[in-house]
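Working notes, structure below.
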Amino acid sequence: MTLLYASTFTKALGRLAAAEQKQVKITAFDLAQDESGNGLQLHRVEAAPGFWTARVSQDIRIVLHKEGENTLLAFVGHHDEAYRWAERRRLVPHERTGAMQLVEIVERAEERVGLSDVPREEVPKPVASERPFAALSDDSLLDIGVPRDWLDPVRTTEAASVDGLFAALPDEAAEALLDFATGGRLEDHVAMRAEPDANPFAHPDAQRRFRAVDGLEELKAALDAPFAQWAVFLHPAQRAPVTRAWKGPGRISGSAGTGKTIVALHRAVHLAERPDAEVLLTTFSKPLAAALASKAELMTEAKRDARERLRVRAIDQAAHELYSRAFGQPNLATSSQIRAAIKAATEAGLGGGHDPTFLFEEWDELVDAWGLYAPDAYERVPRVGRRTRLGARQRESAWEVFEAVRRRLAARKVITLADLYGRLTDWIDEGGALPFTHVVVDEAQDLSVAQARFLAAIGRRGRPDALFFTGDLGQRIFHLPFSWAKLGLDVRGRSQVLKVCYRTSHQIRGAADLLLAREIADQDGIEESRRGTVSVFDGPEPELRLFDDPEAEAACVAAWLRARLAEGVMRSELAILVRSQRQLGRGRSAAKASGEEIPVLSMHDAKGLEFRAVAVMALDDDVIPSPERLADVGDVADLEAVQDSERHLLYVAATRARDRLLLSGLKPGSAFLDDLGGLLPREP
């Protein structure tokens with residue numbers, strides 16, 4: 001017997017109470033160990049050929065589909081619900097693509113979906129604006145995976161009922177039609193056709209919803225965390241880069257919520273399954289690394305050898321460990337030490353009148369970041385995003401200060417983090433022994449110059465597929481842009497953009513995307529397009545509120561938070577975000593007024609996190625974009641770079657929300673809010 005389980009089963013399991021889930025798992029394990037099922041109380045669902053139920057308790061039933069050697073865990077629920085679910089479905093391979101599908105029977109779905117009750121022969125001639133799919137041919141619909149029984153219902157569905165239609169169709173068909181309805185091309189979604197006699201469960205689209213159990217350990221891992229079904233079921237566009245034999249560094253990008261982290265995790269586990277591999281999975285912060293580690297534990301529950309070959313670290317932590325092993329414990333300089341060194345140099349008459357704040361930023365963003373040790377290198381370094389253009393004499397006077405900083409750090413035997421990466425880069429190029437064969441980097445858009453050089457050295461020393469990156473240029477908020485290719489990380493020709501958003505509702509994603517250009521290009525000319533991105537679920541429209549004073553804003557946000565709690569959103573699933581530390585007080589006032597301990601975070605600190613509902617506060621015209629960053633802008637190019645990074649920050653904040661989003665501020669509000677089009681503020 002081959003035991004399989006479906007995404008519909010893990011979703012349904014997650015909706016049961018904890019005690020009920022435990023009973024279901026025991027029954028599922030019994031089934032996995034007793035291939036005949038003789039030890040279970042199995043009952044045929046007479047109205048649904050191939051479907052059976054297994055008794056879990058007096059009221060809970062697992063819905064199975066048995067055919068030949070295959071037994072599928074298809075659904076689980078209370079007795080009547082389980083039988084109704086089975087009676088509404090058939091398990092069949094699609095006639096054209098060959099992918100196995102759980103197809104909802106049209107007659108049973110019409111009332112729920114909202115299709116017309118008018119008999120087919122009496123349906124009036126469709127109007128394109130009212131029925132968006134009326135003109136699509138049988139062939140066009142079959143090519144994207146629409147089951148034949150659903151061809152006419154798709155064409156006769158009115159615009160107001162398309163959400164219900166999408167919920168009834170297989171994922172590949174629903175995504176294609178959603179893209180078409182929002183301006184995309186159906187031709188971009190033609191499904192792969194399976195070879196004759198191929199296993200219909202092995203089709204890439206089928207693997208989005210079905211998986212064969214590879215031993216009891218895997219079944220345990222999947223059932224222990226059904227909420228994390230992404231750990232098992234992959235979209236074909238996600239699966240392809242995971243298993244591809246890359247011939248150089250590869251990079252996967254996409255809008256927030258399109259599963260880039262999922263791809264990074266699966267790629268790391270896929271590599272770690274090789275007996276000769278040692279894999280480092282990394283990202284920019286320790287909290288995000290800890291989140292990756294917990295998910296990697298889940299994914300390797302049944303792959304203990306792979307778990308031993310996979311390490312998860314924040315990239316600075318991994319570099320620190322490597323440096324300590326090669327050279328001993330580093331003594332890292334703090335920002336206060338750098339500021340003190342700059343202050344001492346200017347008080348000694350160096351710097352030609354340059355402001356210490358400017359000199360610190362110049363050190364942080366250029367001199368230290370790029371590892372500059374000579375004035376001619378300082379003259380040649382690209383100043384992308386820097387506000388001030390410097391003449392020759394100004395550079396010379398600034399360099400006097402930077403040389404003094406270098407001397408002071410050396411005298412105290414401290415190094416910067418960029419120095420640490422620089423020495424490691426040289427060590428790798430000289431033949432230093434690395435403890436890993438592959439590096440997978442999540443949130444790669446926030447790599448620093450020093451980190452990129454370090455990784456490029458690993459790529460030069462390692463295998464062709466040694467480096468793999470996931471990230472989104474629209475979420476770059478920590479560093480100024482720079483050319484990866486010039487530093488040795490050339491991903492041109494090996495980039496892919498994901499287009500299906502799983503984490504954020506269509507309404508929130510659509511509003512957030514208005515903050516960014518439809519296409520964003522990096523410094524190497526690689527373009528990432530947001531066109532054609534679709535979300536797999538809908539939700540309420542985001543809300544925008546502007547107020548006359550902070551007290552009114554806090555009261556409104558507090559009421560909004562209480563409403564979410566009343567809807568069943570857990571306190572841990574809520575967050576208040578603000579631009580920076582300076583606005584935390586406004587967020588805390590709203591949290592206090594709500595009567596709950598709601599977390600209040602800066603937008604930077606929220607990077608990589610997600611919540612069911614988010615209130616983004618203090619979106620005032622003198623808060624975002626940051627007036628401090630805009631001050632003394634040198635030219636138009638500099639202004640655009642700063643404006644873009646501030647837009648990215650608001651985009652990151654908005655896309656932390658899954659289901660509900662509130663944007664608020666003081667009148668007239670940030671200029672960025674003007675880009676949200678129809679999302680107009682309503683008077684409180």
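Just so it is clear, the values below take in all heavy atoms, side chains as well, and ignore hydrogens, waters and symmetry mates.
- Residues F468 and V263 are in side-chain contact: their nearest non-hydrogen atoms beyond the backbone lie under 4.5 Å apart.
- Between the side chains of D59 and H78, at least one donor-acceptor pair of N or O atoms lies under 3.5 Å.
- Remark: R208 engages E175 in a salt bridge, criterion side-chain N to carboxylate O under 4.0 Å.
- A donor-acceptor pair shorter than 3.5 Å can be found between the side chains of T53 and Y83.
- At distances below 3.5 Å, not a single donor-acceptor pair connects side-chain atoms of W150 with backbone N or O atoms of A168.
- One finds a salt bridge joining E273 and K303 here, because a Lys/Arg side-chain nitrogen approaches an Asp/Glu carboxylate oxygen to under 4.0 Å.
- Side-chain atoms of T258 and S255 include no donor-acceptor pair closer than 3.5 Å.
- Distance check, rounded to the nearest 0.5 Å: CG of L662 to CG of L561 gives 8.0 Å.
- In this structure, R61 contributes its side chain and A54 its backbone to no donor-acceptor pair below 3.5 Å.
- Rounded to the nearest 0.5 Å, atoms CG (L141) and CG (L177) are 6.5 Å apart.
- Judged purely by atom type and a 3.5 angstrom limit, H65 has no side-chain atom pairing as donor or acceptor with the backbone of A86.
- K66 and W52 make their closest contact through CD-CD1, 3.7 Å (heavy atoms, listed as atom of the first residue, atom of the second, distance).
- Looking only at side-chain heavy atoms (C-beta outward), V614 and T655 stay at 4.5 Å or farther from each other.
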- Query: Can Q238 and H266 be said to form a side-chain contact (heavy atoms from CB on, under 4.5 Å), step by step?
  - Reply: CA-CA 9 Å; Q238 295 173 326; H266 276 271; over 6 Å; no
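- A donor-acceptor pair is defined here as one N or O able to donate and one able to accept, closer than 3.5 Å; no such pair exists between the side chain of Q207 and the backbone of P204.
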- Can R660 and E567 be said to form a side-chain contact (heavy atoms from CB on, under 4.5 Å), step by step? CA-CA 11 Å; R660 299 294 296 257; E567 293 169 352; 3.4 Å; yes
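- Listed here is the closest heavy atom pair of P132 and F180: O-CE2, 3.4 Å.
- Counting heavy atoms from C-beta on, the side chains of I105 and D149 never come closer than 4.5 Å.
- In terms of modelled atom types and a separation under 3.5 Å, the side chain of T157 and the main chain of P153 share a donor-acceptor contact.
- Remark: R155 is not positioned above the aromatic ring of F133, lacking an NZ or CZ atom under 6.0 angstrom from the ring centre and at most 45 degrees off the axis.
- With rounding to the nearest 0.5 angstrom, the CG atom of L281 is 5.0 Å from the CG atom of L292.
- Residues satisfying the side-chain hydrogen bond (donor to acceptor under 3.5 Å, both in side chains) test with Q507, not counting sequence neighbours, are D538.
- Among all heavy-atom pairs drawn from A272 and R309, the shortest one is O-NE, 2.7 Å.
- Residues H506 and R509 share a closest heavy-atom pair of ND1-NH2, 3.3 Å.
- Between R313 and L280, some side-chain heavy-atom pair lies under the 4.5 Å cut-off.
- Sparse packing is recorded around CD of E67, with 12 or fewer heavy atoms of other residues, nucleotides or ligands lying under 6.0 Å away.
- Between D139 and R96, at least one side-chain nitrogen of the basic residue sits less than 4.0 Å from a carboxylate oxygen of the acidic one, meeting the salt-bridge criterion.
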- Check the pair L265, M299 against side-chain contact (heavy atoms from CB on, under 4.5 Å), reporting the backbone distance first and the verdict last. CA-CA 8 Å; L265 280 158; M299 294 175 62; 3.8 Å; yes
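- T470 has its side chain out of reach of V441: every pair of non-hydrogen atoms, C-beta onward, lies at least 4.5 Å apart.
- Heavy-atom contacts from other residues, nucleotides or ligands closer than 6.0 Å to CE of M570 number 12 or fewer.
- The two residues L577 and A653 make their nearest non-hydrogen contact at CD1-O, 3.6 Å.
- Taking the side chain as every heavy atom from C-beta outward, D171 and F166 never approach each other to under 4.5 Å.
- To the nearest 0.5 Å, the span separating CG on D659 from CD1 on I508 amounts to 6.5 Å.
- Judged by distance alone, with hydrogens and angles left aside, the side-chain atoms of H94 form a donor-acceptor pair with the main-chain N or O of V146 at under 3.5 Å.
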- Message: Assess the residue pair D465 and R244 against the criterion (salt bridge (Lys or Arg N to Asp or Glu O under 4.0 Å)); give the C-alpha distance rounded to whole Å, side-chain angles, the decisive distance to 0.1 Å, and a yes or no.
- Response: CA-CA 9 Å; D465 62 350; R244 176 178 168 182; over 6 Å; no
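- Side-chain atoms of T2 never come within 3.5 Å of backbone atoms of N70 as a donor-acceptor pair (strictly under, hydrogens ignored).
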- Task: Kindly indicate, with the supporting measurements, whether the criterion side-chain contact (heavy atoms from CB on, under 4.5 Å) is fulfilled by I598 and R571.
- Result: CA-CA 6 Å; I598 308 298; R571 185 175 62 186; 3.7 Å; yes
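- E158 has a carboxylate O that lies under 4.0 Å from a charged side-chain N of R131, or vice versa, which qualifies the two as a salt bridge.
- Residues A296 and V312 approach most closely at CB-CG2, 4.3 Å, considering heavy atoms.
- With respect to the salt-bridge test (charged N to carboxylate O, under 4.0 angstrom), the residues R90 and E104 do not qualify.
- Between R185 and D179 there is no salt bridge, since none of the side-chain N atoms of the basic residue sits less than 4.0 Å from a carboxylate O of the acidic one.
- Under the 6.0 Å distance and 45° angle rule, R564 counts as a cation-pi partner of W560.
- Using a 3.5 Å distance cut-off with no hydrogens or angles, the side chains of D442 and T261 do pair a donor with an acceptor.
- Using a 4.0 Å cut-off between charged nitrogen and carboxylate oxygen, R209 and E172 count as a salt-bridge pair.
- In this structure the side chain of I60 reaches within 4.5 angstrom of the side chain of V76, judged on heavy atoms.
- Centroid-to-centroid, the aromatic rings of F210 and F201 come within less than 6.0 Å.
- For the pair R656 (side chain) and A613 (backbone), a donor-acceptor distance under 3.5 Å is absent.
- Residue E597 places its CD atom among 12 or fewer non-hydrogen atoms of other residues, nucleotides or ligands, all under 6.0 Å distant.
- Between the side chain of Q21 and the backbone N or O of L16, at least one donor-acceptor pair lies under 3.5 Å.
- You'll find the side chain of R274 reaches within 4.5 Å of the side chain of H438, heavy atoms only.
- E610 contributes no side-chain N or O that, together with a main-chain N or O of A657, makes up a donor-acceptor pair within less than 3.5 Å.
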